[in-house]
K.L.:
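One structure follows; several queries about it will come next.
Model, not experiment: these values are computed from the prediction. Note on naming: letters A, B, ... go to the chains in the order of the sequence lines (proteins, then strands), and numbering restarts at 1 for each one. What you see below is based on every heavy atom in this structure, not just the backbone, and it leaves out hydrogens, waters and symmetry mates.
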Amino acid sequence: MKTVAEFEIKYCQFLDAAGSLAAGAPPLASDTAELLKMYRFMTLVRAFDTKAVNLQRTGKLGTYASCLGHEAAHVGVAAAMHPEDVLIPVYREFGSQIWRGVKMSTILTFWGGDERGCDYTTAREDFPWCVPIATQMLHGAGVAMAMKIRGQKRCSVTFIGDGGTSEGAFYEAINLAGARALPAVFVIVNNDWAISVPIEQQTATKTLAQKAIAAGIPGVQVDGNDVIAIRHITSEAVARARRGEGPTLIEALTYRLGDHTTADDASRYRDQSEVKEAWGKEPLLRLRSHLMKLRVWDEAREGALKAECAREVEAAVDEYLSAPKPSTDEMFDHLFANPPKGLAEQREVARRYANGHHAAGHGAGHGRNGSDGH
Amino acid sequence: MKTVAEFEIKYCQFLDAAGSLAAGAPPLASDTAELLKMYRFMTLVRAFDTKAVNLQRTGKLGTYASCLGHEAAHVGVAAAMHPEDVLIPVYREFGSQIWRGVKMSTILTFWGGDERGCDYTTAREDFPWCVPIATQMLHGAGVAMAMKIRGQKRCSVTFIGDGGTSEGAFYEAINLAGARALPAVFVIVNNDWAISVPIEQQTATKTLAQKAIAAGIPGVQVDGNDVIAIRHITSEAVARARRGEGPTLIEALTYRLGDHTTADDASRYRDQSEVKEAWGKEPLLRLRSHLMKLRVWDEAREGALKAECAREVEAAVDEYLSAPKPSTDEMFDHLFANPPKGLAEQREVARRYANGHHAAGHGAGHGRNGSDGH
Amino acid sequence: MAKVTMIEAINRAHAWEMTHDPTVVVLGEDIGINGGVFRATAGLQEQFGKDRVQDTPLAEGMIAGMAIGMATQGLKPVAEIQFMGFIYPALDQIANHMARMRNRTRGRLTCPVVMRMPHGGGIHAPEHHSESLEAMLAHHAGLRVVCPSSPARAYGLLLASIRDPDPVIFLEPARLYRLVKQEVADDGQALPLDVCYRLREGSDVTVVTWGAMVTETLRAADTLESEGVSCEVLDLATLSPIDHDTILESVVKTGRLVIVHEAPRNCGIGAEIAATVAEHGLYDLNAPIRRVAGYDTIMPLARLEYDYIPNAARIMDAVRETLAA
Amino acid sequence: MAKVTMIEAINRAHAWEMTHDPTVVVLGEDIGINGGVFRATAGLQEQFGKDRVQDTPLAEGMIAGMAIGMATQGLKPVAEIQFMGFIYPALDQIANHMARMRNRTRGRLTCPVVMRMPHGGGIHAPEHHSESLEAMLAHHAGLRVVCPSSPARAYGLLLASIRDPDPVIFLEPARLYRLVKQEVADDGQALPLDVCYRLREGSDVTVVTWGAMVTETLRAADTLESEGVSCEVLDLATLSPIDHDTILESVVKTGRLVIVHEAPRNCGIGAEIAATVAEHGLYDLNAPIRRVAGYDTIMPLARLEYDYIPNAARIMDAVRETLAA
Ligand SMILES: Cc1ncc(C[n+]2csc(CCOP(=O)(O)OP(=O)(O)O)c2C)c(N)n1
Ligand SMILES: Cc1ncc(C[n+]2csc(CCOP(=O)(O)OP(=O)(O)O)c2C)c(N)n1
Ligand SMILES: [Mg+2]
Ligand SMILES: [Mg+2]
């Protein structure tokens with residue numbers, strides 16, 4: 001039988017878990033200003049994340065999906081984007097969003113159970129979080145289609161999880177992007193787990209990057225804990241897209257160090273030893289070693305940065321907690337530009353019964369109330 | 001960057017368009033009994049198909065999807081199956097179904113607008129036609145899952161069109177089949193067109209077989225007009241599945257020689273020259289040459305076979321046309337094993353108004369009534 | 001003024017709006033060179049180019065999802081679903097995103113999308129090609145559901161739907177596509193959404209209906225008139241939100257209500273109309289409400305479809321029974 | 001007899017039926033070692049093995065579609081959808097195949113599938129986790145839609161649903177999963193489908209409700225009793241087909257009807273109940289029907305969800321208004 005098509009999938013890593021830099025690393029690997037900026041954001045995001053989990057545990061935030069361990073993947077991707085590109089996140093890409101200017105207090109507002117948290121003050125064309133798995137992939141393709149039709153030099157960047165690659169919408173989106181050569185970048189954050197289901201049960205493929213072959217587009221695997229590699233590969237993909245050369249699928253290999261969400265208890269289904277091992281590869285540590293080797297970082301600077309991040313996070317939490325409960329009108333006033341008459345009547349009814357029953361402060365009764373693990 | 005995965009897609013053809021046999025052809029290529037049997041069915045199916053189109057044109061059948069040009073792909077796949085395997089067709093695999101014993105009159109009954117045409121007397125576990133594109137792929141996976149759970153040595157064989165590969169359900173099914181190593185064979189009949197959309201607009205991939213790579217399963221491309229190749233490759237896939245070694249994706253390359261359905265007019269969107277060229281590769285001609293070379297076929301036998309097929313088709317048409325209109329009770333009596341009370345009341349109402357308005361004979365008013373091209 | 005069929009009126013509304021609003025983009029399966037399986041978009045690709053009139057790969061969820069992405073970037077996608085039975089793969093995008101985008105972002109991102117599709121049976125089409133699923137969509141807050149019953153209303157309501165800043169599901173009764181020709185001025189005049197159209201004034205009974213059932217209802221009303229029964233016929237036109245006020249006013253006058261729809265009876269839109277009158281017009285009713293609807297079973301294939309779809313005979317009997325009650 | 005929560009009752013019904021019927025197979029996301037995000041299937045994989053209790057890849061359409069394939073081969077899949085808001089990708093399979101397989105093959109192939117899922121809000125869950133979409137499913141002929149409101153009914157109705165030879169959508173009010181414990185005999189006794197359960201006899205007004213709203217309604221009925229108002233409370237239990245006879249009989253007695261549901265009002269199941277009474281029980285009504293329902297907007301996030309969900313105060317006011325009419 002004759003061979004009619006051949007493919008290969010490449011893997012990219014520059015900074016290994018021990019912090020050693022590979023030969024052939026890009027200029028970014030010695031661009032200390034950019035590296036420091038990314039390190040700063042990664043540190044901030046980790047502080048934010050720790051705080052958010054605590055807020056949930058103390059009843060001040062709703063169910064929250066920690067991004068612990070994903071800092072390099074999230075920050076690296078955002079750092080590769082241009083401000084006018086459009087980010088389409090899932091539900092834990094806080095690192096990307098904070099890099100792009102979404103306020104931490106806004107993020108908390110949403111996860112505290114208030115839609116006003118989707119009304120970003122910056123990055124206003126970016127999408128809000130997307131809970132229905134994989135549906136966001138098609139928004140990424142659609143945004144890119146609009147850019148293409150208008151001849152704009154911009155692209156969309158869409159995240160998805162490893163579990164998300166089992167949904168048909170994932171393939172529909174990459175196939176469309178391939179068929180129409182859309183300026184779109186898709187990033188699979190493969191953190192080994194979809195709640196309790198490990199990646200081996202999700203698919204028989206050796207890599208997730210190879211799913212690109214089904215769409216006729218380039219696919220590449222990258223160490224998602226190596227912020228240099230992830231930013232480098234994403235930058236190339238973004239540049240390709242903006243040059244009108246079509247989409248790229250990137251698989252970023254990382255690990256979900258925390259529970260799926262605050263409503264989950266991962267000890268029910270995975271071994272602590274696996275988590276321990278993964279901690280050895282986490283993204284901040286290796287970047288810090290690298291910065292120290294470059295002699296632009298030390299313990300003192302580390303301490304100062306941590307303190308500064310803590311202050312920033314505290315300020316965000318204060319802002320978040322001081323927001324009053326939304327009025328019941330909020331349920332009705334944003335549904336339609338031209339609301340039908342019946343809705344105004346229902347708004348009156350809702351006003352009449354407002355707070356009649358339950359007080360809903362920040363995260364009041366939030367969390368494990370009835371649901372253990374979504 | 002290091003390479004972490006490599007793939008290739010092979011193409012299989014034994015009997016080329018001119019009827020020359022390639023070196024290394026399997027024993028089937030000289031098994032005259034089996035070749036004659038397949039040729040007989042391919043000829044019968046073509047006679048059936050021609051008649052069905054005529055029935056529609058004369059108002060005696062509903063919208064009908066011709067299988068002209070697909071005879072080798074359909075018959076070859078069915079011939080590779082065992083009787084206890086389960087066939088899951090789309091809407092034009094009449095060759096497969098007739099091979100497996102579905103009566104031609106039954107097929108006409110369905111396309112004449114009567115659900116009784118899905119109540120096959122043989123192949124009773126086979127699925128009926130499936131109009132919602134790609135949904136049948138998941139049935140194929142589910143049937144295979146049942147076989148696997150029960151440890152049966154059987155498999156499911158599911159068809160899909162080239163256009164169908166754009167629907168998410170296609171990928172979900174092959175991914176599931178791969179992840180659970182299901183005894184399932186999936187056959188993409190790539191006939192170049194999905195109604196008016198050519199395959200190049202459907203996807204950027206070079207082959208459709210390579211979509212298997214996204215599911216981590218073997219994918220192979222085969223000349224779908226070469227019944228020896230298609231049967232050979234499908235037999236291997238069926239054997240693999242039945243041995244418990246998992247699924248295969250087969251892409252059969254053929255061409256839709258007719259309109260999409262009798263409600264379509266392909267001259268609106270494709271060049272007659274393309275169709276003419278495709279006629280040069282059609283499947284019966286080359287098999288006939290091969291049989292003649294094997295000295296088991298000649299003009300006399302051809303004439304006798306054609307006459308015999310015409311008689312068989314006529315008998316099926318007579319049986320079809322003689323079936324009385326279903327009673328209105330048929331709308332209600334098969335919905336539930338335990339029908340709710342309200343349904344019996346509605347059945348009474350329907351009886352009262354039966355035939356009150358329109359007489360619906362075979363294909364009465366069928367066809368282009370209002371719709372030009374679905 | 002030219003006399004046009006409904007399908008021609010729909011085609012013209014597209015062309016008008018594409019000419020006057022460069023953000024309008026048309027998407028769907030076989031809508032380009034083929035002009036749509038019913039020819040609704042015939043000629044548009046030639047006139048407006050392949051960027052603005054796009055054949056898509058075959059995936060309805062993809063069509064809806066990409067339309068959402070495009071809409072948030074300021075385009076106005078008008079997407080065709082080939083038949084209503086194929087809307088299911090798009091429902092996740094329609095319900096979980098399209099209907100909610102404005103609300104969930106507090107107005108930051110919006111979805112001015114029109115999803116057009118043939119609706120209902122009566123054209124002897126294959127399985128899954130004759131569904132009436134308007135109630136399923138109407139139940140979803142954040143959507144408008146619109147269904148014209150004449151060439152003129154198809155033209156005017158489609159323009160209004162494209163211009164509306166929020167998503168509209170636009171249901172086109174396939175049986176009416178070529179049934180009648182009507183004079184329709186191609187002047188870009190939209191018709192109002194969210195209101196019923198009174199097609200016939202009457203005093204004895206109010207009959208509310210929409211889509212292809214309007215034709216059957218008007219036929220029934222004609223015959224009933226010769227029996228001395230005066231029917232007021234309302235075309236619901238916007239199926240969600242419902243113009244309850246007009247219906248309630250009419251019932252004040254007639255005291256009787258019959259609702260006619262092709263979709264299955266159970267949890268159909270007829271139920272919502274009846275329920276609202278039972279809440280707000282109960283004292284105006286002189287007789288029980290009657291619904292004439294599709295049966296609560298699967299839409300049958302062609303040989304029985306006219307035994308399923310309500311017809312003038314059933315409508316007349318329901319009206320007569322209401323009057324006798 | 002042990003006192004159990006609804007989630008435990010559901011778990012036991014699974015275990016009973018799997019023990020007694022080897023064709024029962026359980027499927028879903030995170031239902032294996034994790035035992036389901038609400039723990040409905042906890043321990044089942046350990047007890048019955050990985051073939052009969054299968055974690056699936058993450059795709060709801062896939063779950064429904066594979067369940068159909070398995071069912072046609074004689075298995076009885078019981079599939080979990082993690083939250084009702086995620087049923088949309090499965091709807092194509094449910095509506096176009098599962099609900100129709102018996103009918104379209106004239107009984108040759110059948111789909112004895114149960115699709116279970118948490119239903120409704122009130123647990124401060126994230127976006128898209130609190131939907132009440134029962135009307136969308138009830139509108140589809142060929143499906144049964146069932147919704148228990150107590151541990152005992154969850155146990156008995158789930159057994160009946162698994163044993164039913166046709167597809168059943170089984171909606172589990174998430175808010176009730178752990179709200180109360182009740183004595184439930186683990187004896188494999190099913191409860192009848194297609195009938196209402198009379199939870200409280202009364203003479204002044206009939207209140208029909210289901211799911212989590214049963215709790216609010218009973219609370220309202222208690223308070224109203226102290227005001228001298230006697231409510232008859234019916235738990236609809238099977239949401240499709242509806243047991244209209246029991247409702248109509250009750251209205252004959254009380255002359256008044258209030259319907260309570262959490263789902264949006266427009267085209268909700270309440271409309272169907274009201275419409276049927278307006279057709280067949282109009283002369284028994286002494287007052288307009290009242291619906292107390294979710295508003296016709298998107299289910300809000302946690303901070304406002306209890307401003308959206310009907311509560312005892314709203315129900316009591318509706319009953320009082322009905323009595324004053
Ligand atoms: C359509 C849909 N089905 C199910 C869920 C419930 N759910 C939420 S997250 C999740 C797992 C997602 O895993 P993955 O895609 O790997 O992303 P990760 O959480 O690991 O970032 C599931 C099943 C959902 N949100 N949407
Ligand atoms: C979900 C769905 N969308 C649209 C259609 C309408 N339709 C029927 S056949 C067809 C094209 C199918 O093309 P392909 O898969 O290549 O199969 P072929 O007809 O060529 O055999 C379309 C769009 C459908 N039946 N189902
Ligand atoms: Mg994951
Ligand atoms: Mg094709």
K.L.:
Given side chains that start at C-beta, do those of Phe170(C) and Arg144(C) come closer than 4.5 Å, heavy atoms only?
P.N.:
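No, too far: nothing below the 4.5 Å cut-off.
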K.L.:
Quick check: do Asp166(C) and Val168(C) have side-chain heavy atoms less than 4.5 Å from each other?
P.N.:
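The answer is no, as the side chains (C-beta and beyond) never meet within the 4.5 Å cut-off.
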K.L.:
Where does Tyr283(D) contact chain C at under 4.5 Å (heavy atoms): side chain, backbone, both or neither?
P.N.:
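Interface part for Tyr283(D): side chain.
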K.L.:
I need the residue from Arg104(D), Met136(D), Gln93(D) with the largest number of non-hydrogen atom pairs under 4.5 Å to chain C.
P.N.:
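Ranked by contacts with chain C, first place is Arg104(D).
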K.L.:
Counting only non-hydrogen atoms closer than 4.5 Å, can you tell me which residues of residues 273-281 of chain D sit against chain C?
P.N.:
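The list, in residue order, reads Ala274(D), Ala275(D), Thr276(D), Ala278(D), Glu279(D), His280(D).
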K.L.:
Can you say whether Glu60(D) sits under 4.5 Å from chain C via the side chain, the backbone, both, or neither, judging by heavy atoms?
P.N.:
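For Glu60(D), no heavy atom lies under 4.5 Å from chain C.
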K.L.:
What I want to check is whether the side chains of Asn96(D) and His128(C) have a donor and an acceptor closer together than 3.5 Å.
P.N.:
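Their side chains do contain a donor-acceptor pair, which is all the 3.5 Å distance test asks for.
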K.L.:
Looking only at atom types and distance, does a side-chain atom of Thr254(D) sit under 3.5 Å from a main-chain N or O of Asp204(D), one as donor and one as acceptor?
P.N.:
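The answer is no, because no donor-acceptor pair under 3.5 Å joins these two groups.
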K.L.:
Just by modelled atom types, is the Gly121(C) backbone N or O under 3.5 Å from a matching donor or acceptor in the Glu262(C) side chain?
P.N.:
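Yes: the side chain of Glu262(C) pairs with the backbone of Gly121(C).
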K.L.:
Between Ile94(D), Ile298(D), Leu91(D), Thr322(D), who has the most heavy-atom pairs with chain C when the cutoff is under 4.5 Å?
P.N.:
Ile298(D)
K.L.:
Hey, what do you get for CG (Leu133(D)) to CD1 (Ile169(D)), rounding to the nearest 0.5 Å?
P.N.:
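So the gap between those two atoms works out to 11.0 Å.
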K.L.:
Mind ranking Pro300(C), Ala263(C), Pro264(C) by heavy-atom pairs under 4.5 Å with chain D and telling me who comes out on top?
P.N.:
Pro264(C)
K.L.:
Let me know which of Val319(C), Thr206(C), Thr217(C), Ile315(C) forms a side chain to side chain contact (heavy atoms under 4.5 Å, CB included) with Cys231(C).
P.N.:
Val319(C)
K.L.:
Could you tell me whether His119(D) and Phe83(D) have their ring centroids closer than 6.0 angstrom?
P.N.:
no
K.L.:
Could you look at Ala90(D) and say if it's the side chain, the backbone, both or neither that has a heavy atom under 4.5 Å from chain C?
P.N.:
neither
K.L.:
So, Asp243(D) versus Thr238(D): side-chain donor-acceptor pair below 3.5 Å or not?
P.N.:
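Short answer, no.
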K.L.:
Please rank Ala271(D), Ala95(D), Ala141(D) by heavy-atom pairs under 4.5 Å with chain C and give me the top one.
P.N.:
Ala271(D)
K.L.:
Heavy-atom distance under 4.5 Å to chain D: side chain of Asn103(C), backbone, both or neither?
P.N.:
side chain
K.L.:
Taking the side chain as every heavy atom from C-beta outward, state whether Val258(D) and Val260(D) have any pair of such atoms under 4.5 Å apart.
P.N.:
yes
